Amino acid sequence: MGPVPDLSERATACADRLRQADSVLLASHIDADGLTSAAIASTGLERADITHDVVFKKQLDADEIASIAAREFDTVLFTDFGSGQLDIIAEHERAGDFQPVIADHHQPADRETEFHLNPLLEGINGASELSGAGASYLLARALEDGTDNRDLAALAVVGAVGDMQAVGGELVGANRDIVEEGIAAGALKEGTDLAFYGKQTRPLPKLLEYASEVRIPGISNDEAGTVSFLEGLDVELRADGEWRRWVDLTDDEQQTVASALVQHALKRGVPANKVDQLVGTTYTLVDEPEGTELRDASEFSTLLNATARYERADVGLGVCLGDRTGALDRARKLLQNHRRNLSDGLQQVKSKGVERAEHVQYFDAGDEIRETIVGIVAGMALGVEGVDPDRPILAFAEKNDEETKVSSRGTARLVGQGLDLSVVMREASQSVGGDGGGHDVAAGATVPAGAEEEFIEAADDIVAEQLE
Ligand code: C5P
Ligand code: C5P
Ligand code: ZN
C-alpha cells in the first residue's frame with residue numbers, strides 16, 4: 001500500500017512503467033529538495049536494477065526539455081519539477097520523443113499525463129504536506145522488489161525541511177507518515193529541542209548570536225551580550241580551550257541553557273508567542289556522526305543548497321549518496337561561500353529597503369544576488385525591519401542580458417486569505433512573455449529584461465483579486 005495510500009496507485013503505476021523502460025534519464029532540480037529527490041529516486045532505481053543517467057537543471061523550460069529529448073532516452077523521470085511544465089512535456093510525449101514519468105509537488109500546468117505522481121492531484125498540499133523528495137520516496141517504496149527502501153525516509157525529510165515544509169517547526173500530513181517510517185526503520189529520530197540553526201556545528205555563542213528565527217535583545221547579533229549571558233549560567237562553556245557546541249552539552253546542560261534563554265527573552269519583552277518558537281521539532285539522521293551538518297535535517301539541507309545552487313550538484317548528490325570524504329569536504333567549502341552570500345544579500349536588502357506597490361512589495365537585486373538564491377533571500381527578508389511581514393514580496397535578479405529571474409514569497413496567513421503565488425507568477429509572467437509557477441506560498445518566474453515594471457503591475461492586480 002505504501003505510507004500514503006491516496007498516492008499509492010500513482011506510485012505503483014510510475015514504478016511499473018520504469019521497470020519496463022529500455023533506458024532511463026533521471027532529471028531533477030538544483031536545490032536541497034531536488035538533490036534529495038534525485039538521490040532517493042536513483043537509489044530506488046539502482047536497487048531495482050534499473051540503469052539510468054542523472055542530470056540536474058536550474059529550471060525546466062522549453063529549451064531544457066528539448067535538450068533532454070535530444071539525449072534519446074526512451075523514458076525520462078522528472079523529480080521535483082515537471083508538473084509545472086506538463087504542457088511542454090506532453091508535446092514531446094505526443095511526438096514520441098520520450099515517455100515522461102513525473103514525481104513532483106509543484107502546481108501542475110493545465111495538462112495530464114499517465115505516469116504522474118503529485119500530491120496536488122489527490123488533494124494533498126504540495127507546499128506543506130509533501131515535497132519532491134517525499135514524492136520520490138513514495139516512488140522508491142513502490143520500486144521495492146524484496147528490498148527495504150525505508151532508510152531513504154531520512155533523505156525525504158531533509159528535502160521537506162529544505163523546502164521549508166515544516167509548519168511551525170513540525171512536518172505534517174504525508175510528510176509525517178514518512179517521518180514515522182523513517183523512525184520505524186531506524187534511520188531517523190524526532191525530538192523537541194532548541195529551534196536554532198547550527199546545533200550540530202556552531203560554537204555555543206554563535207548558535208545563539210546568529211539565530212535569526214526569534215530576535216532576543218542582548219543576544220541576537222550581540223556577541224558580548226551572548227557570552228555574558230552564557231557565562232552567567234552554571235554550565236561548562238569550553239572543553240580543551242574550545243567553545244563547546246550544543247550537541248556537546250548533556251541533556252541537563254541543554255535544559256539549563258534553554259530555560260535561561262526563555263527567561264531572558266521574556267524579561268527582555270519578547271512576546272510569549274515568539275518565545276514559544278524558541279523550541280521546536282528536530283529531525284536527526286541517526287546514522288550520521290554527531291557534530292556534523294549531516295546529522296541534522298536542517299543543517300544537511302543548507303549544505304545541499306550550498307552545492308547545487310552553485311553549479312555543483314555533483315557534490316551534493318555525492319554527499320546524499322554517502323560520499324563522506326571528497327564530496328563532504330568540498331560541500332563544506334561551498335557552504336562557507338553560501339552563508340556569506342546569504343548574509344551579504346540580506347544586508348543589501350536591509351540597507352536599500354524594499355519598494356511598495358499597492359498589494360505587493362519588491363526589490364531588485366540586479367547582479368548582486370545570484371538568481372539561484374534570490375528566493376531564499378526574499379524569504380529571509382520577510383523577517384527584517386522595514387519590510388512588511390504580511391505582504392507578498394517579489395525579488396528580481398539578473399539572469400542574463402535578456403532575462404530577469406523573479407522570486408516571490410508569501411506567508412501562511414496570506415495563503416489562508418486566498419493568495420496563490422504559483423498562479424500570480426505564472427499568469428503575470430506569461431502576460432509579459434515569460435513563464436513561471438511553483439507553490440501557493442513560494443513561486444518563481446523568468447521574464448524578459450525590461451518587462452519588470454509591467455510584470456509588477458500585472459502581479460499586483462492578480463494579488464488584489466486573490467485577496468479581495
Ligand atoms: O522547487 P521547490 O519546490 O523545491 O522549492 C520550494 C521553495 O519554496 C524553497 O525555496 C522553499 O524555501 C520555498 N518555500 C517557502 N515557504 C514555504 C514553502 C516553500 O519559502 N512554506
Ligand atoms: O526560485 P525560487 O526559489 O523563487 O522558486 C520558488 C518555487 O517556484 C520553487 O518551487 C521553484 O521550483 C518554482 N519555480 C517555478 N518556475 C520558475 C521559477 C521557480 O516553478 N520559473
Ligand atoms: Zn521541491
Side-chain angles (χ1 to χ4, degrees), residues 28-38 40 56-62 64 78-86 88 103-109 118-120 125-137 156 158-169 171-172 175 298 301-302 304-305 308-309 342 365 369-383 392-397 399 403-416 419-426 428-430 434-447 455:
S28 196
H29 194 206
I30 53 136
D31 64 3
D33 191 31
L35 279 170
T36 48
S37 297
I40 291 166
F56 289 92
K57 302 282 181 194
K58 191 154 67 180
Q59 197 59 58
L60 267 192
D61 56 20
E64 293 292 6
F78 294 93
T79 59
D80 195 36
F81 57 22
S83 297
Q85 298 75 25
L86 247 178
I88 306 166
D104 190 11
H105 67 133
H106 289 95
Q107 194 59 52
N118 184 320
L120 293 158
N125 189 313
S128 60
E129 295 181 314
L130 196 70
S131 68
S136 302
Y137 175 77
V158 173
V161 169
D163 258 13
M164 315 267 286
Q165 296 208 331
V167 182
L171 292 174
V172 299
N175 279 324
S298 160
S301 72
T302 303
L304 294 178
N305 275 323
R309 291 181 191 259
L342 290 181
I369 302 178
R370 278 176 82 96
E371 52 132 333
T372 52
I373 63 163
V374 74
I376 302 180
V377 176
M380 292 164 75
L382 277 179
I393 189 163
L394 311 178
F396 296 89
K399 205 165 169 165
E403 292 174 318
T404 300
K405 162 75 186 286
V406 198
S407 280
S408 64
R409 296 292 186 270
T411 63
R413 205 183 73 86
L414 290 166
V415 168
L419 181 73
D420 185 346
L421 290 172
S422 71
V423 173
V424 175
M425 297 307 269
R426 171 167 303 137
S429 64
Q430 287 179 350
D435 202 6
H439 309 290
D440 49 15
V441 72
T446 299
V447 297
F455 172 84

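Since the structure is predicted, the reported quantities are computational estimates derived from the model, not experimental observations. Remember, it's 1-based here, ligands and their atoms both numbered in the order they're listed.
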*Say whether Thr79 and Ser28, considering side chains only, have a donor N or O and an acceptor N or O under 3.5 Å apart.*
yes
_Counterpart residues, side-chain hydrogen bond (donor to acceptor under 3.5 Å, both in side chains), relative to Ser408 (two or more places apart)_ = none
*Starting at OH of Tyr137, measure out to CD1 of Ile40 and round the result to the nearest 0.5 Å.*
8.5 Å
*For Lys405, the ligand 2 atoms whose distance to one of its heavy atoms is below 4.0 Å*: 1 (O), 2 (P)
*Between Asp80 and Thr36, is any pair of side-chain heavy atoms under 4.5 Å apart?*
no
_So Thr411 and Val441, do their side chains get closer than 4.5 Å, heavy atoms only?_
no
*Quick one: name the protein N/O/S atoms under 2.8 Å from the Zn ion (ligand 3), chain by chain.*
Asp33 OD2, Asp80 OD1, His105 NE2, Asp163 OD2
*What residues come within 4.0 Å of ligand 1, counting heavy atoms only?*
His29, Asp31, Asp33, Asp80, His105, His106, Ala127, Asp163, Met164, Arg309, Arg409, His439, Val441, Ala442
*Whether His439 and His105 hold their rings parallel, tilted or perpendicular, with breakpoints at 30° and 60°*: tilted
*Under 30°, 30 to 60°, or over 60°: which ring-plane class applies to His29 and His106, parallel, tilted or perpendicular?*
perpendicular
*Return the set of residues passing side chain to side chain contact (heavy atoms under 4.5 Å, CB included) with Val374 (not counting sequence neighbours), or none when no residue passes.*
Phe363, Ala365, Ile369, Ala395, Ala397, Lys405, Ser407
*For the pair Glu64 and Lys58, find out whether any cationic side-chain nitrogen is under 4.0 Å from an anionic carboxylate oxygen.*
no
*Looking only at non-hydrogen atoms, find the nearest pair between Leu171 and Val161 and report the distance.*
CD1-CG2, 4.3 Å
